[in-house]
Amino acid sequence: MNAPATAVSRAARVQHVVSPGGVAAWLVEDYAVPLVAMEFSFAGGGSQDPAGKAGAGALLASLLDEGAGDLEAEAFHRALDDHAIRLSFSAERDEFYGHLQTLSRHTEKAFELMALALNAPRFDAEPIERVRGQINAVLRRESADPDAMAAQAWRRTAWAGHPYARSARGELGEIDAVTRDDLVSLHGRILARDTLKVSVVGAIDAETLGHQLDALFARLPAKAQLTPIPEIAIQGLGRRIVVEYDVPQANIRFGRPGLARRDPDYIPAMVVNHILGGGAFTSRLWQEVREKRGLTYSVYSMLATAEHSPSFIGSTSTKNERAAESLSVIETECARLAAEGPTAEELEKAKKYLVGSYALRFDTSTKIAGHLLQLQRDGFEAEYLDRRNAEVEAVTLDDARRAATRLIGDAKLLVAIVGRPEGVAEQAAA
Amino acid sequence: MARSQLSPHSGAAQASSVEAGEGRSAHAGPRVDHFRLENGMDVVVIPDHRAPVVTHMVWYRNGSADDPRGKSGIAHFLEHLMFKGTHAHKQGEFSHLVAELGGQENAFTSYDFTAYFQRVAREHLGTMMEFEADRMTGLNLTDEVVAPERDVVMEERRMRTEADPAAQLDEALNAALYTHHAYGVPIIGWGHEIETLDRQDALDYYRRFYTPENAILVVAGDVEAPEVEMLARQTYGKIPARGEAPLRRRPREPEPRAERIVKLADPKVEQPQFERIYLVPSAHTGEKGEAEALDILAHHLGGGQTSLLFRRLVLERKLAVSAGAYYYSDALDDSRFYVYALPAEGVSLEELERGVDEVLAELQRDGVSREDVERAATRLVADAVYAQDSQASLARWFGSALANGGTVQEVLGWSARIEAVAVEDVAKALKWLNKRRAVSGFLLKDQAAA
């Protein structure tokens with residue numbers, strides 16, 4: 001999005017397009033590069049997978065471009081390839097996403113093929129079995145990957161008995177139970193106009209987009225039929241789980257409850273997380289675990305805003321002999337930040353980073369479209385693009401201390417470790 | 001690998017501003033300026049005014065393949081140590097400044113080059129240049145910072161390789177493919193040698209390679225060449241020339257004769273795989289048009305779901321859940337062409353390899369059609385247009401090209417050269433897919449130990 005962030009409104013570049021049939025989209029028109037990027041989503045991703053069939057949504061997402069209308073899978077892919085169209089779908093935990101990139105000279109063809117994929121997927125037997133095999137291959141590989149194993153152990157304890165305990169990418173064994181009827185049913189329940197959000201960036205005007213939106217989405221059902229997902233608090237705080245595995249490093253995943261995106265303390269919590277373990281080479285965890293002690297190559301923390309159970313999670317990996325030391329440093333830093341809050345200097349620096357780096361989210365069409373989509377999903381207006389940095393700048397030391405207390409609280413973490421960590425024992429919840 | 005397409009060096013760089021070459025591609029490529037400072041440092045500017053940010057990169061023409069024997073990993077270790085402060089700026093000062101400015105930074109080491117970058121708001125470009133220029137010659141290392149950083153690199157190696165049988169097989173395959181050339185040594189180095197690297201090793205290597213004659217500045221984003229040139233003269237331009245660029249002394253790989261087979265069985269393998277790597281020319285070592293023909297060949301054989309391997313092995317014979325091929329054209333010395341397949345359940349790797357060989361035999365027998373070549377070219381040229389959406393991608397593309405002896409003009413002409421590839425060129429390139437030039441790898445579950 002053009003022009004210095006400080007001088008010109010980003011929001012002013014967002015056009016609100018409503019198609020003749022009533023489908024809405026946010027559009028940033030830009031002809032600098034002859035491309036069109038579209039990102040869209042429906043509510044209800046992997047969390048809508050039927051019981052015992054984790055991965056149904058992932059399978060559905062991978063099958064929409066495996067044959068639609070009169071085109072069988074190979075013909076459909078041939079049509080995409082011959083026009084260099086990049087089209088894919090994905091099922092995340094709470095949302096079902098579509099991603100499109102096309103050269104502007106093939107925009108019509110791209111929308112034509114995507115309309116087929118959305119409205120008339122074939123679900124032929126051959127691609128169902130083939131894609132199931134591909135997903136199983138990925139899941140089998142992950143089942144032996146220490147980092148994925150730690151995430152799984154953490155998830156299964158934190159959200160035991162809840163759909164979030166399962167991976168949106170599927171669970172081994174369960175993916176085999178998904179039938180064609182499940183896919184047809186899920187497609188009919190999730191892909192509906194009432195939860196649809198659309199963002200488009202690139203070489204297309206509002207009128208053209210309006211007509212295309214109808215061709216794409218107007219035939220979908222008006223209302224989604226979603227299974228309600230209960231709220232759930234993260235369980236097992238204070239617990240430590242060790243999964244014995246013959247690898248030289250201990251993979252450590254830690255976490256506790258976070259804050260919802262629309263919580264008034266979310267922005268202060270984002271600042272606090274940046275100070276503790278955010279994505280710069282300056283965070284406390286980076287300094288203490290990596291720079292000073294050489295315990296790891298990677299250590300971070302982040303806020304994850306799952307709709308029904310926001311979390312604050314982090315991860316590192318360190319040689320088994322020093323796992324206890326790494327964990328102890330992480331726990332100490334969490335407790336120290338909760339007790340004392342950040343310093344005024346840390347707060348100022350973190351705010352400067354978060355304000356300054358916002359511009360880096362707007363340097364490719366796909367990144368802009370993705371960010372605009374996220375704002376829509378979180379219930380913001382486009383005006384928020386111009387307000388967001390002011391909200392960060394407004395965070396006071398009191399706000400940060402309050403957010404640190406809310407976020408880290410008593411510093412009790414649920415910890416899952418995969419490996420042969422020395423000096424770290426399983427621990428029941430305190 | 002669609003974005004690694006560079007051509008041989010064709011003479012000294014001169015000040016120039018060039019638009020994309022001719023060709024059927026409907027859209028002109030990026031506008032690029034290229035000039036050289038008096039001390040020998042190359043400068044490439046790629047204006048993109050869509051967002052008020054810049055990507056600032058410095059590339060050095062040395063990578064892991066230039067590590068002295070017995071000191072594997074030194075290029076990568078030094079890359080880590082470059083964040084440890086200079087005589088002018090103490091440890092962490094640069095990183096804290098970048099963070100405070102809302103910037104992002106990192107660095108990476110490859111076989112043939114090492115690069116450092118920051119992404120910041122446009123008004124901070126001059127400051128980034130000051131700091132980056134300072135650490136080209138002012139690095140200050142003490143044992144106190146070197147020792148823990150060596151531990152960090154050992155943890156990085158443990159994370160990437162020691163727990164992952166697939167990564168271990170990959171190391172073994174490369175070591176078997178390159179019997180003499182340093183591409184057979186992992187970029188990060190062998191663990192037992194990393195453990196011995198010290199401050200003096202790092203400084204010796206630094207003094208040899210970190211010079212203006214060996215460096216390329218690439219700036220992409222919300223700038224124009226005159227401003228970059230002025231800033232570059234005030235910063236990098238003040239570093240004295242060494243007199244000549246450092247030499248890369250690399251042994252040439254001998255002509256391969258023997259088909260090699262490498263097997264790795266481990267109880268942790270849950271998904272077996274088959275892969276084969278052929279030793280082939282790179283854009284730098286190949287004859288004119290040869291790398292482009294290999295690009296087309298790789299796409300036709302194994303680029304995505306409409307490729308020959310995918311259709312035969314996955315769709316028709318159901319031997320594999322996935323199959324493909326890719327080619328790294330972007331290398332200073334002879335490079336690699338990969339073919340891989342993941343078996344469907346119940347299919348042995350021997351059966352899968354036979355299937356792969358049957359597809360390759362079919363390709364050798366029937367060759368490719370005009371239509372096959374045009375399809376692949378359309379797709380590859382489109383990827384170059386997609387790359388223009390990202391200033392960071394463009395900066396990497398030009399940086400790696402120049403680091404490997406290519407020119408700006410050659411990068412801009414890539415689409416036209418791809419479109420010029422003829423059926424006969426691809427037929428000729430097929431000669432490289434000869435098993436005597438290849439190593440085949442089998443990743444298996446160790447049933448006995450499980």
Side-chain angles (χ1 to χ4, degrees), chain A residues 1-5 30 32-35 37 73-74 77-78 81-82 84 86 101 103 105 126 130 133-134 136-138 140-141 143-146 246-249 279-282 290-298 317-319 349 352-360 362-366, chain B residues 26-27 48-53 83 92 95-96 98-105 119-122 147-156 158-159 162-164 166 221 267-271 304-306 311 314-315 318 321-322 342 344-345 375 378-379 382-383 385-386 388-392:
Chain A
M1 302 170 85
N2 268 330
D30 191 323
V33 182
L35 301 172
E74 196 179 335
H77 277 286
R78 181 62 84 188
D81 252 20
D82 284 351
R86 299 175 172 183
Q101 275 181 287
L103 308 181
R105 68 177 188 271
E126 183 277 327
R130 170 164 50 84
Q134 284 160 356
N136 266 323
V138 171
R140 272 198 298 273
R141 190 177 282 174
S143 75
D145 172 65
D246 183 16
V247 283
Q249 272 190 333
F281 297 160
T282 50
R290 176 171 155 152
E291 293 296 297
K292 286 192 190 157
R293 296 179 177 83
L295 288 167
T296 189
Y297 176 69
S298 163
S317 60
T318 189
K319 66 175 170 181
K349 287 187 168 177
K352 282 185 181 169
Y353 172 82
L354 291 166
V355 167
S357 63
Y358 195 49
L360 299 178
F362 300 92
D363 70 338
T364 78
S365 306
T366 299
Chain B
H27 180 75
D48 169 14
H49 297 294
R50 291 177 299 158
V53 296
F83 291 80
S95 288
H96 275 91
V98 172
E100 213 175 309
L101 299 176
Q104 293 168 352
E105 61 168 340
R119 294 174 27 74
V120 291
R122 65 175 319 288
E149 199 58 34
R150 191 171 46 230
D151 290 343
V152 168
V153 174
M154 288 303 292
E155 292 299 339
E156 181 179 2
R158 281 185 196 103
M159 186 185 87
E162 306 296 342
D164 183 358
K268 289 193 288 292
V269 172
E270 295 299 331
Q271 174 59 53
Q305 294 209 20
T306 53
R311 280 184 286 133
V314 181
L315 295 179
K318 306 197 190 319
V321 293
S322 167
L342 298 184
E345 264 180 275
R375 276 196 158 127
T378 300
R379 199 51 214 251
D383 284 342
V385 180
Y386 282 120
Q388 287 177 44
D389 192 31
S390 163
Q391 57 172 251

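Atoms considered below: every heavy atom in the structure, side chains included; atoms not considered: hydrogens, waters and symmetry mates. Reminder, nothing fancy here: chain letters follow the sequence lines and each chain counts from 1.
If you measure heavy-atom distances from B:R150 to chain A, you find no contacts under 4.5 Å at all. Only the side chain of B:E149 comes within contact range of chain A, judged by heavy atoms closer than 4.5 Å. Using a 4.5 Å cut-off between heavy atoms, A:D145 does not touch chain B at all. Residue B:E345 touches chain A through its side chain alone, counting heavy-atom pairs closer than 4.5 Å. Contact of A:T318 with chain B is made through backbone and side chain together, with heavy-atom distances under 4.5 Å. The contact between B:L342 and chain A is made entirely by side chain atoms (from C-beta outward), counting heavy-atom distances below 4.5 Å. For A:E126, the part lying near chain B is the side chain, with the backbone staying farther off; criterion is any non-hydrogen pair under 4.5 Å. With a 4.5 Å cut-off on non-hydrogen atoms, A:A137 touches chain B through its backbone and its side chain both. If you measure heavy-atom distances from A:L295 to chain B, the contacts under 4.5 Å come from the backbone alone. Contact of B:Q305 with chain A is made through the side chain alone, with heavy-atom distances under 4.5 Å. Residue contact with chain B, scored on non-hydrogen atoms closer than 4.5 Å, involves the backbone and the side chain of A:L360 alike. If you measure heavy-atom distances from B:D389 to chain A, the contacts under 4.5 Å come from both the backbone and the side chain. Only the side chain of B:R375 comes within less than 4.5 Å of a heavy atom in chain A; its backbone stays farther off. Neither the backbone nor the side chain of B:A344 comes within contact range of chain A; no heavy atom of the residue lies under 4.5 Å from a heavy atom of that chain.
Here the shortest heavy-atom pairing between A:A84 and B:Y386 reads O-OH, 2.7 Å.
Contacts with chain A were tallied for B:E105, B:E162, B:R119; B:R119 has the most, counting heavy-atom pairs under 4.5 Å. Chain A forms the most heavy-atom pairs under 4.5 Å with one residue out of B:V152, B:D151, B:V153, and that residue is B:V152.
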Given the rule in the side-chain contact (heavy atoms from CB on, under 4.5 Å) test, do B:D383 and A:R86 qualify, once you have shown the distances and angles that lead to the verdict? CA-CA 10 Å; B:D383 284 342; A:R86 299 175 172 183; 2.8 Å; yes
Between B:R50 and A:V33, does the side-chain contact (heavy atoms from CB on, under 4.5 Å) criterion hold? Intermediate values first, please. CA-CA 10 Å; B:R50 291 177 299 158; A:V33 182; 3.9 Å; yes
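Between the side chain of B:H96 and the backbone N or O of B:G92, at least one donor-acceptor pair lies under 3.5 Å.
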